[in-house]
Amino acid sequence: MSKLNIVILAAGAGKRMQSSLPKVLHRLAGRPLLSHTIETARALSPEKICVVIGHGGDLVRQSIAGDDLIWITQAQQLGTGHAMMQTLPSLSDDAKTLILYGDVPLIRAQTLQTLIAQTKHEHCALLTATTADPSGYGRIVRDPVTQVVQAIVEQKDASAEQRLIQEINTGIMVICNDHLREWLPRLENGNAQHEYYLTDVIAMAVSQGVPVLSVVAENFSEIMGVNSKRQLAELERLCQREYADRLLDQGVQLADPTRIDIRGRLNCGTDVEIDVNCVFEGNVRLGDDVKVHGHCVLKNVSVAAGSVILPFSLIEDTEIGESCKIGPYARIRPGTRLSDKVHIGNFVEVKNSRIASGSKANHLSYIGDSIVGTNVNVGAGTITCNYDGANKYQTIIEDDVFIGSDTQLIAPVKISKGSTIGAGSTITKETPENQLTLSRVKQISIAGWQRPQKIKK
Ligand code: UD1
Ligand code: CA
C-alpha cells in the first residue's frame, strides 16, 4: 500500500488570535499559515490533499491557490475526530492518510517522510515530542513495562499523574484508510470538551492489537502550533532565523541574522552582502557582489551583478541591471527597468519607466511613464508631468540629453538626442537634437521695488 492521502485540518475558529481573519490565513513569512502546510504536503507527492475548512471557509478557499486541493466543509466544529469523519467519502481505498494541521506550519517534509515510512498496512504511526512544559497538549500514555503506546489523553481529561507525562501528541499521525473507516464512526464525545477526539482512535487500535508506532520529532519548533499572536510572532522569528541561517550557509554575508525578514523567496549569487533591517518580499534575486545596505525593502526585484542599493530604498516590481547605484532614499515603483550603470539617487521616484545604461537621476526627481536613453543626466528637481488629472502620458528622453535642474517635462513630450534643457524650464514641445532649449522669463531687476509691509490693525 504505497498510496498516500493527506488531510489538513483547518476548520477551527482560532478565537485566541482575537481577529476576524480565520486563523489559518494569518501570515507567517509573508504567506498564510495554511500555505506553508500545503507546500510541505505537496512535497510528499501524495495522491490527494484534502483540506477541512469551516470557520471562514469561503474566505480560506478563495485565498489559497490550488486546483489540486479537495476542499471539505465541516459546518460545525465538533472536534478533530468529527473533522476527519467529513473526509471519509473523499479518501481513497487502499491508501493511508497523513493528518496535518493548518496551524502547524513549520513541519518538515523530511520528518513526515520518516513517519510515513513507519506505517505499514496494519500500523498506525504518531509523531510525538517531548517537552518540559506539556501543558495544553494531549499526553502519550505508554505501558510502563513495554513502553508501547496505549492511548492519548487530552490535558482536560488527564489525571494528575498523566499530566506529568512529558511526551506529547503533536496531532500529526498516519493511519490506514481502512482503519479510519472502521474507527472514526465509533468515536464518542463523552469527554471534558464534548468533542469527538481523533486521538481516541489510538486506544481503539491498541484494543484491536494494531501496533501503534511513534517517531519523536527532533525539533520542537516543527510541531509548534499557532494559537495566539504571541505564538505567531515567536514562529515568525524561528522561521526567519532558519531562512537567515540558510543564506549564511550559502555564503551570503548578513550583518545580523536576527535582523532580516524574508517574506517570499530570496535568491542570492556569490559575495552578496545584506545589512540590517532589510525586508525582501515576493521573488527577489540578487546577483553576484550585490550589496544591499540597511533598511531597504525590495519586493519582486532582480538586481544584477555588482549593483549597490544604499540605505532606506523601497523598490517594487523592478529589474535592475549591473553596476547600478540606487539610493539612499530611492523609491522605485512597479514596471521599471534599469539597464547597467544607472544611478538613482536620494528622493528620486521612478515609476513604470525604462532607463538605459549610464543614465543618472541623482536628486529629488520624479520619472514616470518614461523611456530614457543612454548617458542622460536628469538634474535635481526634474519632474515628468505624466498626468493631466485624467490620463497618463509618456515622456521620451533620448540618448545624451542633459536636463537642467527644476525642469518640468509636460507629457506627452520628446526630448531629442543630445538636447540640453536650461534649468527652470517647462517643456511642452519636442526639442530639436543637439540644441539648448529653455523656457524661462528673462532675468530682470526692478529698481525702487519695495517689499510688501505688514498691515497694522
Ligand atoms: C489537538 C490534539 C492534542 C494535541 C494537539 C497538538 C485532539 C483531540 N487533540 O488538541 O492531542 O496535543 O492537537 O497541537 O485531536 N479542527 C478542526 N475541526 C474541529 C476541531 C479542530 O478542523 O472540529 C482543527 C483546528 O482548526 C486545528 C486542529 O484541528 O487546526 C487542532 O484543533 P485544536 O482544537 O486546536 O486541538 P487541540 O485542543 O490543540
Ligand atoms: Ca480543542
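Order of appearance sets the numbers: ligands from 1, and atoms from 1 within every ligand. Because the structure is a prediction, the values reported are computed rather than measured. All residue numbers refer to positions in the sequence shown, counting from 1.
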Colleague: Does either side chain, that of Lys325 or that of Ser307, offer a donor lying less than 3.5 Å from an acceptor on the other one?
Modeller: no

Colleague: Donor-acceptor pairs under 3.5 angstrom involving side-chain atoms of residues 75-86: please list them, not counting sequence neighbours.
Modeller:
unit_1: Gln77; atom_1: NE2; unit_2: Gln74; atom_2: O; d: 2.8
unit_1: Thr80; atom_1: OG1; unit_2: Leu198; atom_2: N; d: 3.1
unit_1: His82; atom_1: ND1; unit_2: Gln74; atom_2: NE2; d: 2.8
unit_1: His82; atom_1: ND1; unit_2: Gln76; atom_2: O; d: 3.4
unit_1: His82; atom_1: NE2; unit_2: Gln86; atom_2: NE2; d: 3.3
unit_1: Gln86; atom_1: NE2; unit_2: His82; atom_2: O; d: 2.8

Colleague: Can a salt bridge be assigned to the pair Arg230 and Glu234 using a cut-off of 4.0 Å between side-chain N and carboxylate O?
Modeller: no

Colleague: Assess Ala10 for proximity to ligand 1: is some non-hydrogen atom of it under 4.0 Å away?
Modeller: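 True for this residue.
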
Colleague: For atom 21 (C) of ligand 1, tell me which residue out of Thr199, Val52, Thr80 has the closest non-hydrogen atom.
Modeller: Thr80

Colleague: Classify the side-chain pair Asp133/Thr131 by whether it contains a donor and acceptor separated by less than 3.5 Å.
Modeller: no

Colleague: Tell me the nearest of Met173, Arg139, Glu154 to atom 1 (C) of ligand 1, using heavy-atom distances.
Modeller: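 The nearest heavy atom belongs to Glu154.
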
Colleague: Could you tell me whether some N/O pair between Asn169 and ligand 1 is separated by less than 3.5 angstrom?
Modeller: yes

Colleague: Can you confirm, on distance only, whether ligand 1 has an N/O atom lying under 3.5 Å from any N/O atom belonging to Asn227?
Modeller: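 Min N/O separation from ligand 1 is not below 3.5 Å for Asn227.
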
Colleague: Answer with yes or no whether Ile168 contacts ligand 1, where contact means a heavy atom under 4.0 Å from a ligand atom.
Modeller: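 Heavy atoms of Ile168 never come under 4.0 Å of ligand 1.
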
Colleague: Please determine whether a side-chain nitrogen of the Lys or Arg among Arg163 and Glu154 lies less than 4.0 Å from a carboxylate oxygen of the Asp or Glu.
Modeller: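 No, no charged N to carboxylate O under 4.0 Å.
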
Colleague: As an exercise, identify every atom of ligand 1 less than 4.0 angstrom from a heavy atom of Tyr197.
Modeller: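 Those atoms are 8 (C).
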
Colleague: Show me which atoms of ligand 1 lie under 4.0 Å from any heavy atom of Leu78.
Modeller: 23 (O)

Colleague: In sequence, state the C-alpha distance, the side-chain angles, and the governing distance for Arg142 and Glu167, and then conclude on salt bridge (Lys or Arg N to Asp or Glu O under 4.0 Å).
Modeller: CA-CA 10 Å; Arg142 290 180 184 268; Glu167 187 182 12; 2.7 Å; yes

Colleague: In ligand 1, which numbered atoms sit nearer than 4.0 Å to a non-hydrogen atom of Ala11?
Modeller: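 Counting atoms of ligand 1 from 1, those under 4.0 Å from Ala11 are 17 (C), 18 (N), 22 (O), 26 (O).
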
Colleague: Relative to the heavy atoms of Leu9, which atoms of ligand 1 are at a distance of less than 4.0 Å?
Modeller: 22 (O), 24 (C), 29 (O), 30 (O)

Colleague: Quick one: do the Gln155 and Gln162 side chains pair a donor with an acceptor below 3.5 Å?
Modeller: no

Colleague: Answer yes or no for His82: is there a heavy-atom contact with ligand 1 below 4.0 Å?
Modeller: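 Per 4.0 Å heavy-atom rule, His82 does not contact ligand 1.
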
Colleague: Whether Asp275 and Arg259 form a salt bridge (side-chain N of Lys/Arg under 4.0 Å from carboxylate O of Asp/Glu) is what I want to check.
Modeller: no

Colleague: May I ask you to list the atoms of ligand 1 that are less than 4.0 angstrom from any heavy atom of Gly138?
Modeller: 3 (C), 4 (C), 11 (O), 12 (O)

Colleague: Output all residues satisfying side-chain hydrogen bond (donor to acceptor under 3.5 Å, both in side chains) with Asp245, sequence neighbours left out; order by chain, then residue number.
Modeller: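 Asp245 satisfies side-chain hydrogen bond (donor to acceptor under 3.5 Å, both in side chains) with Arg241 only.
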
Colleague: Mark up the atoms of ligand 1 that fall under 4.0 Å of a heavy atom belonging to Thr170, in ascending order.
Modeller: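 Those qualifying, in numeric order: 6 (C).
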
Colleague: If we set the cut-off at 4.0 Å for heavy atoms, which region of Gln74 has an atom near ligand 1: side chain, backbone, both, or neither?
Modeller: side chain

Colleague: Is ligand 1 under 4.0 Å from a heavy atom in the side chain of Tyr137, in the backbone, in both, or in neither?
Modeller: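 For Tyr137, the contact with ligand 1 is made by both the backbone and the side chain.
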
Colleague: Please determine if Glu222 and Arg108 form a salt bridge, counting it only when a charged side-chain N lies under 4.0 Å from a carboxylate O.
Modeller: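 Between Arg108 and Glu222 there is a salt bridge, with a charged N closer than 4.0 Å to a carboxylate O.
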
Colleague: Select the closest option to atom 20 (C) of ligand 1 among Ala83, Gly12, Gly79, judged by heavy-atom distance.
Modeller: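 Selected option, by shortest heavy-atom distance: Gly79.
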
